[in-house]
Participant: 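First the structure, which I've put down as structure tokens, then a few questions once you've had a look.
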2 protein chains.
Amino acid sequence: MAKPVVPEDARRRRRPTRQGVVLSERLIVDTALRMLREHGSAGLSARRLGAALGADPSTLYRYFDGMDGLTLAIGEELIGRGLDGWSATGLWRSDLRELGLRIHGAYLAHPQAAVLTASRVTGRPREIAADEAVLGILRTAGFPDPEAVQIYHAFIDQSLAFAALDAGALALSEASRLSDEQQWESTYARLPADEYPHIAATGRLLAARMNHSAYPVALDMLLASAEARLQALRGR
Amino acid sequence: MAKPVVPEDARRRRRPTRQGVVLSERLIVDTALRMLREHGSAGLSARRLGAALGADPSTLYRYFDGMDGLTLAIGEELIGRGLDGWSATGLWRSDLRELGLRIHGAYLAHPQAAVLTASRVTGRPREIAADEAVLGILRTAGFPDPEAVQIYHAFIDQSLAFAALDAGALALSEASRLSDEQQWESTYARLPADEYPHIAATGRLLAARMNHSAYPVALDMLLASAEARLQALRGR
DNA sequence: GTCTTATGCCAACACCATTGACCTTATCTC
DNA sequence: GAGATAAGGTCAATGGTGTTGGCATAAGAC
């Protein structure tokens, strides 16, 4: 890298932009989030972000290691927002449920951004804080370490994976505004019933369900299975 | 669209390329898959694909509605490969397990391609065939329609979501070749133990587990929970 | 053998990320 | 306060990208 990036907390001299804006990592990420919301997930580019900030595009490279670095910072911001204000109650199952829904929800609050970041593991501080919280809940609940680690892994990946998937659907369907009915008409309803009997038989139910996230159901199934396992462990 | 795309089965005149290649949707998708494997998920471009096929980049627009259409076709191909050769045994739980692992595996066989496609729902024939199969297994097993639809949705989305997430990790870690040990060193191991006691306590277990997919565990938990629900339904 | 038109090719457009050289000015030292 | 240092802004250029409109040629219908 020709121009090494200075870490945010080591930054001393903040020279204002020609247009008078004083930049910061924070300001850039927030502006990027707003641009993503307004122009869609393909609407973020160094040039446009620079223009929105009143700065030359190349300035961004003083703050992030390329667009990819900026993407990771956005992901870190989202996961942090999910965690903000959360605290454990001591009831492991509802704590986990709450945490999962918060993380998922934080990403879905910015679908266009989530599409870019949700399937990226960053290893940054706030992401690690989430990991620590989940492991803590499970170990405190009485899961032995091997089980705790196994369930933690399934839980956290499930949350992020669904966030990415659901964000994709959300960002897309907002782009092409089709009503639920139209969605149904355009896909399942016109399938031949003799070739796809099961889809035909459950058509209405499918149409009603496929427009929502499956994450809450999948999460509850994971938690139910974890609880059964814990009781089996206690029983013997 | 200025130049409407002719559907593959309506194609009559197949004029060979200047370099003697006869194009087809099939050939283009297969070539794209090979390019993705060799050059990574960012290595697919109209120009490079054209060069690899011995054709002008703009020719691709006769076959696909832009690069996005090509991406969807690639996804359809992958899910089809997962289904090829599969048939139901009648044991619903192992059938679902097998199907999930096959779909997940088909995507992970081409991680660089899966990154682009796994979180995209195409509504194309082979994807719908997978939906029909899953619904069929659940309804035949005795799940009432509302339950069947609910579990189907969680199952299929979870499979695709994990495929996308795991593909991302796989495509990335192949790019930056770090051994498992190094991965561990570079992230968890250097965290202060007093601030992250749970991560510190389970460090070795985490390091061993995080390099594999959590999908099998998550899948088995979903199936276990489904089975419990089925027994509860039968019981009353 | 002639006609039609599907399909491949060419040239051009507007965008993109990234980099290296340059210059200005905020901050540190004395 | 004066001067030195270099952080952090700007400019210009490079080589990439998807996509389109116009053109020409050969494949297949008759």
Side-chain angles (χ1 to χ4, degrees), chain A residues 1-28 31-32 35-36 39-74 116 175, chain B residues 1-28 31-32 35-36 39-74 116 175:
Chain A
M1 206 36 82
K3 304 176 170 184
V5 173
V6 176
E8 183 71 2
D9 48 3
R11 241 167 238 287
R12 311 238 135 250
R13 310 180 186 181
R14 306 203 106 106
R15 170 139 75 115
T17 276
R18 169 155 299 195
Q19 306 194 14
V21 187
V22 175
L23 297 179
S24 68
E25 209 169 280
R26 179 93 217 185
L27 176 63
I28 296 175
T31 306
M35 290 193 53
L36 282 166
H39 300 96
S41 40
L44 180 68
S45 74
R47 289 172 136 80
R48 284 157 75 112
L49 183 52
L53 286 164
D56 189 272
S58 63
T59 308
L60 298 172
Y61 291 81
R62 301 264 185 220
Y63 289 83
F64 300 98
D65 175 14
M67 291 307 270
D68 197 63
L70 171 59
T71 301
L72 293 182
I74 292 173
L116 302 180
Chain B
M1 204 35 84
K3 303 175 170 183
V5 173
V6 176
E8 182 71 3
D9 48 3
R11 241 167 237 288
R12 313 238 131 249
R13 308 185 185 178
R14 307 204 104 105
R15 172 136 75 116
T17 277
R18 171 156 298 194
Q19 305 192 15
V21 186
V22 176
L23 296 179
S24 68
E25 210 169 279
R26 178 95 218 183
L27 176 64
I28 296 175
T31 307
M35 288 193 55
L36 282 166
H39 301 96
S41 41
L44 181 68
S45 77
R47 290 174 138 81
R48 282 156 73 111
L49 182 52
L53 285 164
D56 189 89
S58 65
T59 307
L60 298 172
Y61 291 79
R62 301 271 185 214
Y63 288 83
F64 300 98
D65 176 13
M67 289 310 265
D68 198 62
L70 172 59
T71 301
L72 292 181
I74 292 172
L116 301 180

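Chain naming here is simple, since letters A, B, ... match the order of the sequence lines and numbering starts at 1 in each. These figures come from a predicted structure and were not determined experimentally.
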Participant: Rounded to whole angstrom units, what separation is found between the CG atom of B:L49 and the C1' atom of C:dG8?
Facilitator: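 Result: 15 Å.
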
Participant: For a quick test of reading the model: is some side-chain N or O of B:T59 closer than 4.0 Å to OP1 or OP2 of C:dC9?
Facilitator: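 It does, given that an N or O in the side chain of B:T59 lies less than 4.0 Å from OP1 or OP2 of C:dC9.
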
Participant: Holding to side chain to side chain contact (heavy atoms under 4.5 Å, CB included), I want the full list of residues that pass it with B:R15, two or more places apart in sequence or in another chain.
Facilitator: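 For B:R15 there are no side chain to side chain contact (heavy atoms under 4.5 Å, CB included) partners, ignoring immediate neighbours.
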
Participant: Partners of B:R18 by salt bridge (charged side-chain N to carboxylate O under 4.0 Å, His left out), sequence neighbours excluded?
Facilitator: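 For B:R18, no residue satisfies salt bridge (charged side-chain N to carboxylate O under 4.0 Å, His left out) once neighbours in sequence are set aside.
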
Participant: Working to the nearest 0.5 angstrom, can you tell me the gap between A:D65 CG and A:L60 CG?
Facilitator: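 That separation rounds to 12.5 Å.
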
Participant: Pick out the pairs of N or O atoms, protein on one side and nucleotides 25-29 of chain D on the other, that lie under 3.5 Å.
Facilitator:
{"residue": "D:dT25", "atom": "O2", "partner": "B:R15", "partner atom": "NH2", "Å": "2.8"}
{"residue": "D:dA27", "atom": "N3", "partner": "B:R13", "partner atom": "NH1", "Å": "3.3"}
{"residue": "D:dG28", "atom": "OP1", "partner": "B:R12", "partner atom": "O", "Å": "3.2"}

Participant: Take the protein atom CD1 of A:I28 and the nucleotide atom P of D:dG8, then report the distance between them rounded to whole Å.
Facilitator: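 These atoms are roughly 11 Å apart.
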
Participant: Nearest-nucleotide wise, let me know which of B:Q19 and A:M67 is further upstream toward the 5' end of DNA chain C.
Facilitator: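 By nearest-heavy-atom nucleotide position, the 5'-most residue is B:Q19.
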
Participant: Considering only heavy atoms and no angle criterion, is a donor-acceptor pair shorter than 3.5 Å present between the side chain of B:R62 and the base of C:dG8?
Facilitator: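 Such a pair exists between side chain and base.
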
Participant: When rounded to the nearest 0.5 angstrom, what is the spacing between CG in A:L116 and CG in A:L72?
Facilitator: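 Atom-to-atom, A:L116:CG and A:L72:CG are 11.0 Å apart.
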
Participant: When the distance from CZ of A:F64 to C1' of C:dT18 is rounded to whole Å, what number comes out?
Facilitator: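 Distance check: A:F64 CZ to C:dT18 C1' gives 16 Å.
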
Participant: Just verifying a value: how many Å separate B:F64 CZ and B:I28 CD1, rounded to the nearest 0.5 Å?
Facilitator: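 One gets 5.0 Å once the value is rounded to the nearest 0.5 Å.
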
Participant: Report the C-alpha distance between B:T17 and B:T59 in whole Å, list the side-chain angles of each, state the deciding distance to 0.1 Å, and finish with yes or no for side-chain contact (heavy atoms from CB on, under 4.5 Å).
Facilitator: CA-CA 10 Å; B:T17 277; B:T59 307; 5.8 Å; no

Participant: Could you list the donor-acceptor pairs under 3.5 angstrom formed by side chains in residues 40-56 of chain B, with sequence neighbours left out?
Facilitator:
{"residue": "B:S45", "atom": "OG", "partner": "B:R48", "partner atom": "N", "Å": "3.1"}
{"residue": "B:R48", "atom": "NE", "partner": "B:G43", "partner atom": "O", "Å": "3.0"}
{"residue": "B:D56", "atom": "OD2", "partner": "B:S58", "partner atom": "N", "Å": "2.9"}
{"residue": "B:D56", "atom": "OD2", "partner": "B:S58", "partner atom": "OG", "Å": "2.6"}

Participant: Need to verify one output field. Residue with the more 5' nearest nucleotide on DNA chain D, A:V21 or B:D56?
Facilitator: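 Its nearest nucleotide lies further toward 5', so the answer is A:V21.
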
Participant: How far does the helix from C:dG1-D:dC30 to C:dC30-D:dG1 bend, going by the axes of its first and last five pairs, to the nearest 10°?
Facilitator: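 Terminal axis comparison yields 30°.
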
Participant: Quick one: is B:Y63 getting a side-chain N or O under 4.0 Å of the C:dG8 phosphate, OP1 or OP2?
Facilitator: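 Yes, within the criterion.
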
Participant: Please state how far atom CG in B:D68 lies from atom C1' in D:dG18, giving the value in whole angstrom units.
Facilitator: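 For the pair B:D68 CG and D:dG18 C1', the rounded distance is 12 Å.
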
Participant: In whole Å, what is the span from the CG atom of B:L60 to the P atom of D:dT17?
Facilitator: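 Nearest whole value for this atom pair: 13 Å.
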
Participant: Rounded to the nearest Å, what distance is computed from the CG atom of residue A:L27 to the C1' atom of nucleotide D:dG8?
Facilitator: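 Distance, rounded to whole Å: 15 Å.
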
Participant: Specify the closest pair of heavy atoms between A:L27 and A:V22, including all atoms of both residues, with the distance to one decimal.
Facilitator: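 What the structure gives for the nearest pair is CD2-O, 3.5 Å.
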
Participant: Which residues within residues 40-48 of chain A lie with some heavy atom under 4.0 Å of an atom in DNA chain C?
Facilitator: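 DNA chain C contact set from residues 40-48 of chain A: A:S45, A:A46, A:R47, A:R48.
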
Participant: What is the distance, rounded to the nearest whole Å, between atom CZ of B:R18 and atom C1' of C:dC10?
Facilitator: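 Nearest whole value for this atom pair: 9 Å.
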
Participant: Tell me if the side-chain of B:T17 makes a donor-acceptor pair with the base of C:dC9, cut-off 3.5 Å, by modelled atom types.
Facilitator: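 Check fails, no donor-acceptor contact within cut-off.
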
Participant: Taking NE2 from B:H39 and P from D:dG16, how many angstroms apart are they, rounded to a whole number?
Facilitator: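 Computing the B:H39:NE2 to D:dG16:P distance gives 13 Å.
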
